[in-house]
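What follows is a short report on a single structure.
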Amino acid sequence: MAHFDMKKGMTDVRVRFAPSPTGYLHVGGLRTALFNWLFARRHGGTFILRIEDTDRDRSTDAAIEAILDGLRWAGLDWDEGPHRQSDRWDLYRQKAMELLDRGRAYWCVCTPEELEARRKEAQAKGESLKYDCRCRERGLTAPTQSAALRFRSPQEGQTVVEDLIKGSITFDNAVLDDLIILRSNGYPTYNLSVVIDDALMGITHVIRGDDHVNNTPRQVSLFEALEYPVPKFAHVPMILGEDKSRLSKRHGATSVLAYEEMGYLPQALVNYLVRLGWSHGNQEIFSIGEMIEKFSFDHVQSSAAVFNPEKLQWLNAEYIKQGESRHLAELLLPFLEKQGYDPNGVVQPRGGIEAVVPHLRERAKTLVEMADWTVPYIVDPVAMDEAAAGKFLTPAIAPSLHKFAERAKTIEPFSKETLEPVVHAILEEEQLKMGKFAQPLRVALTGRTFSPGIYEVMELLGKDRTLIRIGQALNRIKEPLI
RNA sequence: GUCCCCAUCGUCUAGUCUGGCCUAGGACGCCGGCCUUUCAAGCCGGCAACACGGGUUCAAAUCCCGUUGGGGACGCCA
């Protein structure tokens, strides 16, 4: 085809991500997409998005949107598509008929119920569940009853798949089913449409999940029967849950967009996923550029990997720490709005959200956590943690807080440099250790027992809100609510 | 049951192809310490693995065979 580059002496790389739109994009799908994308970018190739919606009952437009949203969020851009197989019915039917005409396919009138019954029987007897080829030699030409079209799969010899990740895999053709390529309702099945599309779209490398390994020899036979060149294959290992069973909802979130909602940065998820099954020496953190530069199937693991949320969270914290204030502030906005923040309202930290970020990014593991810690600066009055108040806002500390507030009134400018000497003077006069004073002050100002440094908190709040909050704390000590 | 694949710390992995540099390295988590105005972060230290059994070899985590264990597939799903 047109993808042959004389200079390189090899075919230009063309890969595809081909999800079926029956649900959201899950982390396993994203990793498959990522490996495809990385391989394409690494080799200056083309990344194609194809929607495999040949199952008309289970495919939905909402799922397509969810998948596209997930890919966009993760930053995986595609060069072609999304193509939809449902736009290509005629093509698949035409190819199926060609196979029929050439004797490579035959009509099968076994009903789904009969097939199911025979499978059950075989299972009970402990036999292979393979189709018994009952209709193979019937020579049905134009069945009047409902019939499916089956591919006449070669039954002699072996098919060897040279997998880029797993090495060579050998199958006896005798174990291969005569698979259905056209349903009795006239619509093609996955195994037919995938082969036709991969061939016609010039796919050079089929990079997909491990669960397709057993389909591969059947598809290779189909490529050959259709007289198409056979692409190279790379089957990426599965992602398992903690109990080593296939990753599913009961292991926690599997939807890519759920990670967005939980406050993960796309780069962190992508970095986690690329390291799950692939490695480059001891390196853990990769920029997108480094991934593209270093990715190769040579170092993709051939065994399944367990999804580890703790490590993902660690990476997320790393990316948050490295994040630029302005960028993080932007990402934080939707989370803050959930906490009741009004970007145009009067209740603002001094210097804006961007000013809070540097004090929180060192310690936050997710944007959700970061948003929660921002609450004291964006909501008035302060939401008081009763347990903290009970423990720290005591009559004993009231005089010191009062004294501090009195002196703070005159401090100008209101900053760490000017506040620090005042606090130290009070500690000395009142014979207090820093912890004994800072902790009650922290609770008064933030309503919580943990926060950034106390001077930073006061800077962010500004003089007015600092004084108001100390005043409110003193009132509360004087006249405790019942 | 049949077929396919896989097997290094709890987890992700380096090392395996090209046997010796491996008294098996890194990372997450966990434990302890330091720092400290809180919570984190940071820094330092610790625990922790070549599934088992046979070969081959002067030498095996690395090569071969078997066993066990795990995963996947066996749909008119993809």
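A note on names: the letters A, B, ... follow the listed sequences, proteins ahead of strands, and every chain is numbered from 1.
Taking the side chain of A/V306 as heavy atoms from C-beta on, and the options B/G75, B/U11, B/G42, the nearest nucleotide is B/U11. Considering only the side chain of A/I454, B/U37 comes nearest among B/U37, B/A73, B/A41. Each of B/C12, B/G72, B/G1 was ranked by its minimum atom distance to the side chain of A/M238; first place goes to B/G72. Side-chain proximity of A/N214 to the nucleotides B/A73, B/C12, B/A78 is greatest for B/A73. The side chain of A/S279 lies closest to B/U13 when the candidates are B/U38, B/G72, B/U13.
Taking the six-membered ring for Trp, A/Y272 and A/Y264 have ring centres at least 6.0 Å apart.
At the phosphate of B/C76, OP1 or OP2 sits under 4.0 Å from a side-chain N or O atom of A/R119. Residue A/Q439 places none of its side-chain N or O atoms closer than 4.0 Å to OP1 or OP2 of B/C39. Taking only side-chain nitrogens and oxygens, A/K321 never comes nearer than 4.0 Å to OP1 or OP2 of B/A40. Within the 4.0 Å cut-off from OP1 or OP2 of B/A78, not a single side-chain nitrogen or oxygen of A/R50 is found. Between A/R218 and B/A73, a side-chain N or O to OP1/OP2 separation shorter than 4.0 Å is absent. Look at A/R31 and you won't find any side-chain N or O under 4.0 angstrom from OP1 or OP2 of B/C12.
Nucleotides B/G33 and B/A73 are separated by 48 Å at their P atoms, to the nearest Å. For the C1' atom pair drawn from B/C21 and B/C65, the interatomic distance equals 29 Å after rounding to whole Å. Rounded to a whole angstrom, the distance from the P atom of B/A51 to that of B/C17 is 16 Å. A gap of 15 Å separates the C1' atoms of B/C12 and B/A48, to the nearest Å. Comparing the C1' positions of B/G53 and B/G15 gives a spacing of 24 Å, expressed to the nearest Å. Between B/C76 and B/C64, the distance separating the two P atoms is 38 Å to the nearest Å. A distance of about 26 Å separates the P atoms of B/U57 and B/C50, rounded to the whole Å.
Using a 4.0 Å heavy-atom cutoff across all strands shown, A/C110 reaches at least one base atom of the nucleic acid. When heavy atoms are screened at a 4.0 angstrom cut-off, A/P452 is found touching base atoms of the nucleic acid. Contacts of A/T22 with the nucleic acid, taken as non-hydrogen atoms under 4.0 Å apart, are absent. Among the heavy atoms of the strands lying under 4.0 Å from A/H212 is at least one base atom, whether or not backbone atoms are also near. Residue-level contact check: A/L276 touches the backbone only, with heavy atoms under 4.0 Å from sugar-phosphate atoms and none from bases. Here A/F437 lies out of heavy-atom contact (under 4.0 Å) with every strand. Residue A/Q301 is in sugar-phosphate contact alone, with no base atom involved, counting any heavy-atom pair closer than 4.0 Å across all strands shown. Counting non-hydrogen atoms under 4.0 angstrom, A/I169 reaches the backbone sugars and phosphates but no base. Residue contacts for A/S146: at a heavy-atom cut-off of 4.0 Å it reaches no nucleic acid atom on any strand shown. In this structure, A/E114 reaches neither bases nor backbone, as no heavy-atom distance under 4.0 Å exists between it and the strands shown.
Sequence neighbours left out, the pairs with a member in residues 449-463 of chain A that pass salt bridge (Lys or Arg N to Asp or Glu O under 4.0 Å) are A/E412-A/K463, A/K416-A/E456.
A cation-pi arrangement is not found for A/R407 relative to A/F404, the charged atom failing to lie both closer than 6.0 Å to the ring centre and inside a 45° cone about the ring normal. Figure legend: cation-pi geometry between A/R442 and A/F392 absent, as NZ or CZ is not positioned both under 6.0 Å from the six-membered ring centre and within 45° of its axis. Note that A/R56 lies in the cation-pi zone of A/Y187, set by a 6.0 Å cut-off to the ring centre and a 45° limit from the axis.
Shown here, B/C35 forms no base pair; nothing in the strands shown gives a Watson-Crick or G-U wobble contact with both key distances under 3.5 Å. The partner of B/U68, taking Watson-Crick or G-U wobble pairs whose two distances both stay under 3.5 Å, is B/A7. Base pairing annotation: B/A73 forms a Watson-Crick or G-U wobble pair with B/U2, both donor-acceptor distances under 3.5 Å. When both distances must be under 3.5 Å, the Watson-Crick or G-U wobble mate of B/C63 is B/G55.
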For side-chain contact (heavy atoms from CB on, under 4.5 Å), just list the numbers for A/F450 and A/R363, CA-CA rounded to whole Å, side-chain angles, deciding distance to a tenth of an Å, and then say yes or no. CA-CA 11 Å; A/F450 56 91; A/R363 49 198 92 201; over 6 Å; no
Short N/O separations, protein against nucleotides 27-32 of chain B, under 3.5 angstrom:
| residue | atom | partner | partner atom | Å |
| --- | --- | --- | --- | --- |
| B/A27 | O4' | A/E284 | OE2 | 3.3 |
| B/A27 | N3 | A/K311 | NZ | 3.4 |
| B/C28 | OP1 | A/W314 | NE1 | 3.4 |
| B/C28 | O2' | A/K311 | N | 3.2 |

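With no hydrogens or angles considered, a side-chain donor-acceptor pair links A/K294 and A/Q283 at under 3.5 Å. Side-chain contact annotation: A/S245 with A/D243, donor-acceptor N/O pair under 3.5 Å present. Checked by atom type, the side-chain pair A/D210/A/H235 shows no donor-acceptor distance below 3.5 Å. Side-chain contact of A/S153 with A/D178: a donor-acceptor pair under 3.5 Å is absent, judged by distance alone.
Both A/A147 and A/S302 lie near RNA chain B, and the one whose nearest nucleotide falls closer to the 5' end is A/S302. Each of A/R56 and A/G277 lies near RNA chain B, and the nucleotide nearest A/G277 is the one positioned closer to the 5' end.
Relative orientation of the A/H280 and A/W278 rings is parallel, given thresholds of 30° and 60° on the angle between their planes. In this pair, A/W89 and A/Y92 present their aromatic rings perpendicular. The plane angle is above 60°, beyond the 30 to 60° band. Ring geometry, A/F223 versus A/Y228: the interplanar angle exceeds 60°, so the pair is classed perpendicular (tilted spans 30 to 60°).
Contacts between residues 443-451 of chain A and RNA chain B, defined by a heavy-atom separation under 4.0 Å, are made by A/T449, A/F450, A/S451.
If you measure from atom CD of A/E456 to atom P of B/A40, you get 18 Å, rounded to the nearest angstrom.
On a pure distance criterion of 3.5 Å, a polar donor-acceptor pair joins the side chain of A/N215 and the base of B/A78.
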